[in-house]
Q: 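One structure coming up, written as structure tokens, with questions to follow.
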Amino acid sequence: MSGLVKVRLAEEADRLPMALLFAAVAEERDGIAAEPPVDVERWAARWELDRTFVAVTAGEVVGVIVVIESAFGFGEIAMFVAARCRGRGVGTALVERAIAWAKARGLHKLTLSVFPHNEAAIGLYRKFGFVEEGRHPKHMRRATGELWDLIDMGLLL
Ligand SMILES: CC(C)(COP(=O)(O)OP(=O)(O)OC[C@H]1O[C@@H](n2cnc3c(N)ncnc32)[C@H](O)[C@@H]1OP(=O)(O)O)[C@@H](O)C(=O)NCCC(=O)NCCS
């Protein structure tokens, strides 16, 4: 699939598709922190388009990565891929683009947070050299009331 997927900077017209995809991934209650209900209109409005990249196939947004830039030289990434398109290189293409953007931007480091059970995400990040930098026990309270650990990972650029 990666050959058919194009990664490009997000545009105005992507706002709603990105928010709808975000809401669909939140419905899984598994990989990303957000859980339903997702305020789609609010999310559509809040993407910073100049640091958000989309993976597009057949004219449809199937993946998103955002780099949240700090004032201290590092950026934090957050990402998600449509469930039906996972395991086919979309996430890899998105992380590649985020790293290239961060380097060009002069950032010295990328960071992220991930749930310990998220083997796909951790495998993806490790592939690029991200290492675990810390773990927050029982950090995130889920809608069920469960308390999930959160792992911090970082990559020096
Ligand atoms: C995590 C996520 C973005 C990965 O995207 P993807 O398009 O499936 O990733 P890729 O196909 O490029 O896979 C990249 C690497 O991830 C790892 N990986 C992918 N799926 C995996 C799985 N099920 N188990 C273990 N490792 C896996 C592999 O190392 C793989 O590299 P390889 O194919 O060279 O072996 C995607 O699963 C997703 O959106 N999940 C839900 C949202 C989420 O968890 N976001 C991240 C929050 S921190």
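Counting starts at 1 for both ligands and their atoms, following the listed order. Source: prediction; values computed, not measured.
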Q: Mark up the atoms of ligand 1 that fall under 4.0 Å of a heavy atom belonging to S113, in ascending order.
A: 48 (S)
Q: T92 versus ligand 1: do any nitrogen or oxygen atoms come within less than 3.5 Å of each other?
A: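 Looking only at distances, the answer is yes, because the N/O contact criterion of under 3.5 Å is met.
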Q: Could you find the nearest protein heavy atom to atom 10 (P) of ligand 1 and give me its residue, atom name and distance?
A: G89 N, 3.7 Å
Q: Any idea which of G91, A121, A78, A34 brings a heavy atom closest to atom 9 (O) of ligand 1?
A: G91
Q: Is a donor on one side and an acceptor on the other found under 3.5 Å between the side chain of H136 and the backbone of D152?
A: no
Q: Counting only heavy atoms, which portion of F22 has something under 4.0 Å from ligand 1: side chain, backbone, both, or neither?
A: neither
Q: Hey, which atoms in ligand 1 end up nearer than 4.0 Å to a heavy atom of V81?
A: 3 (C), 5 (O), 7 (O), 38 (C), 39 (O)
Q: Name the closest protein heavy atom to atom 35 (O) of ligand 1, giving the residue it belongs to and the distance to 0.1 Å.
A: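 The answer is K127 CD, 4.8 Å.
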Q: Provide the closest heavy-atom pair for A55 versus V90 in the form atom of the first, atom of the second, distance.
A: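 Answer, listing the atom of A55 first, then V90: CB-CG1, 3.5 Å.
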Q: For R126, I'd like to know if atom CZ has over 12 heavy atoms of other residues, nucleotides or ligands within 6.0 Å.
A: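 No, because the 6.0 Å sphere around CZ of R126 holds 12 heavy atoms or fewer from other groups.
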Q: Could you tell me whether N118 approaches ligand 1 through its side chain, its backbone, both or neither, with non-hydrogen atoms closer than 4.0 Å?
A: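 For N118, the contact with ligand 1 is made by the side chain alone.
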Q: Are G63 and ligand 1 in contact, using a heavy-atom cut-off of under 4.0 Å?
A: no
Q: So, is L124 polar-close to ligand 1, with some N/O to N/O distance under 3.5 Å?
A: yes
Q: Among side-chain atoms of H117 and D30, is any donor-acceptor pair under 3.5 angstrom?
A: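 Short answer, yes.
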Q: Is it true that E28 and R86 have a side-chain N and a carboxylate O under 4.0 angstrom from each other?
A: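 Between R86 and E28 there is a salt bridge, with a charged N closer than 4.0 Å to a carboxylate O.
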Q: Going by heavy atoms, is L112 under 4.0 Å from ligand 1?
A: no
Q: Among all protein heavy atoms, pick out the one at the shortest distance from atom 27 (C) of ligand 1; state its residue, atom name and that distance to 0.1 Å.
A: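 Its nearest protein heavy-atom neighbour is A120 CA, 3.4 Å.
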Q: Measure from the side-chain N and O atoms of R142 to the backbone N and O of A33, and report whether any donor-acceptor pair falls under 3.5 Å.
A: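 Yes; at least one donor-acceptor contact below 3.5 Å.
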Q: Check this for me, if you would: do K6 and E60 make a salt bridge, where the nitrogen-to-carboxylate-oxygen distance has to be below 4.0 angstrom?
A: no
Q: Looking at I151, is its backbone amide N or carbonyl O close enough to the side chain of R135 to form a donor-acceptor pair, meaning the two atoms are under 3.5 Å apart?
A: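 Here the side-chain-to-backbone pair does not exist.
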Q: Should the proximity of A83 to ligand 1, defined as any heavy atom under 4.0 Å, be assigned to the side chain, the backbone, both, or neither?
A: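 None of A83 does.
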Q: Does any N or O in the side chain of N118 come within less than 3.5 Å of the main-chain N or O of F115, such that one atom is a donor and the other an acceptor?
A: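 Looks like no, no N/O pair under 3.5 Å.
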Q: Is there a polar contact, in the sense of an N or O pair closer than 3.5 Å, between M79 and ligand 1?
A: yes
Q: Atom 25 (C) of ligand 1: which protein heavy atom is closest, and how many Å away?
A: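 Heavy-atom neighbour on the protein nearest atom 25 (C) of ligand 1: E119 O, 3.7 Å.
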Q: By the definition side-chain contact (heavy atoms from CB on, under 4.5 Å), identify the one residue from V25, L124, V64 that meets it with M79.
A: L124
Q: For K127, which residues count as a side-chain hydrogen bond (donor to acceptor under 3.5 Å, both in side chains) partner, sequence neighbours excluded?
A: T92
Q: With a 4.0 Å cut-off on N to O distance, would you call R141 and E35 a salt bridge?
A: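 No, R141 and E35 are not salt-bridged.
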Q: Just to be sure I read this right, does ligand 1 sit under 4.0 Å from the backbone of R88, its side chain, both, or neither, counting only heavy atoms?
A: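 Backbone only.
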Q: Number the atoms of ligand 1 from 1 as they appear, then name those within less than 4.0 Å of a heavy atom of I32, with their elements.
A: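 This gives 42 (C), 43 (C), 45 (N) as the contact atoms.
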Q: Starting from atom 47 (C) of ligand 1, locate the nearest protein heavy atom and write down its residue, its atom name and how far away it is, to 0.1 Å.
A: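 The answer is G31 O, 3.5 Å.
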Q: Looking only at non-hydrogen atoms, find the nearest pair between E96 and F128 and report the distance.
A: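 Minimum heavy-atom contact is CG-CE2, 3.6 Å.
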Q: Which protein non-hydrogen atom lies closest to atom 8 (O) of ligand 1, naming both residue and atom, and how far is it?
A: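 Sorting protein heavy atoms by distance from atom 8 (O) of ligand 1 puts G87 N, 2.7 Å first.
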Q: Determine whether the side chain, the backbone, both or neither of I122 has a heavy atom under 4.0 Å from any heavy atom of ligand 1.
A: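 The answer is neither; I122 stays 4.0 Å or more away.
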Q: Indicate the ring-plane relationship of F80 and W47, choosing parallel, tilted or perpendicular according to the 30° and 60° boundaries.
A: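 Rings of F80 and W47: tilted, as their planes differ by 30° to 60°.
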Q: Judged by non-hydrogen atoms, does Y125 sit under 4.0 Å from ligand 1?
A: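 Checking ligand 1 against Y125, which is what was asked, there is a heavy-atom contact under 4.0 Å.
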Q: Any idea which part of R86 is under 4.0 Å from ligand 1, heavy-atom wise: side chain, backbone, both or neither?
A: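 For R86, backbone and side-chain atoms both sit under 4.0 Å from ligand 1.
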Q: Considering distance alone, does some N or O of E28 sit under 3.5 Å from an N or O of ligand 1?
A: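 No: no nitrogen or oxygen of E28 is under 3.5 Å from one in ligand 1.
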Q: Hey, looking at atom 42 (C) of ligand 1, which of V25, V90, L21, I77 has the closest heavy atom?
A: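 Nearest heavy atom to atom 42 (C) of ligand 1 lies in V25.
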Q: By number and element, which atoms of ligand 1 are closer than 4.0 Å to a non-hydrogen atom of V114?
A: 48 (S)
Q: According to salt bridge (Lys or Arg N to Asp or Glu O under 4.0 Å), who are the partners of E132, at least two apart in sequence or on a separate chain?
A: none
Q: Quick check on atom 31 (O) of ligand 1 - does any protein heavy atom sit closer than 4.0 Å to it?
A: yes
Q: Can you give me the closest heavy-atom contact between L107 and V67, atom names plus distance?
A: CD1-CG1, 4.4 Å
Q: Under 4.0 Å from a heavy atom of F80: which atoms of ligand 1 are those, numbered in the order shown and with their elements?
A: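 The atoms of ligand 1 under 4.0 Å from a heavy atom of F80 are 39 (O).
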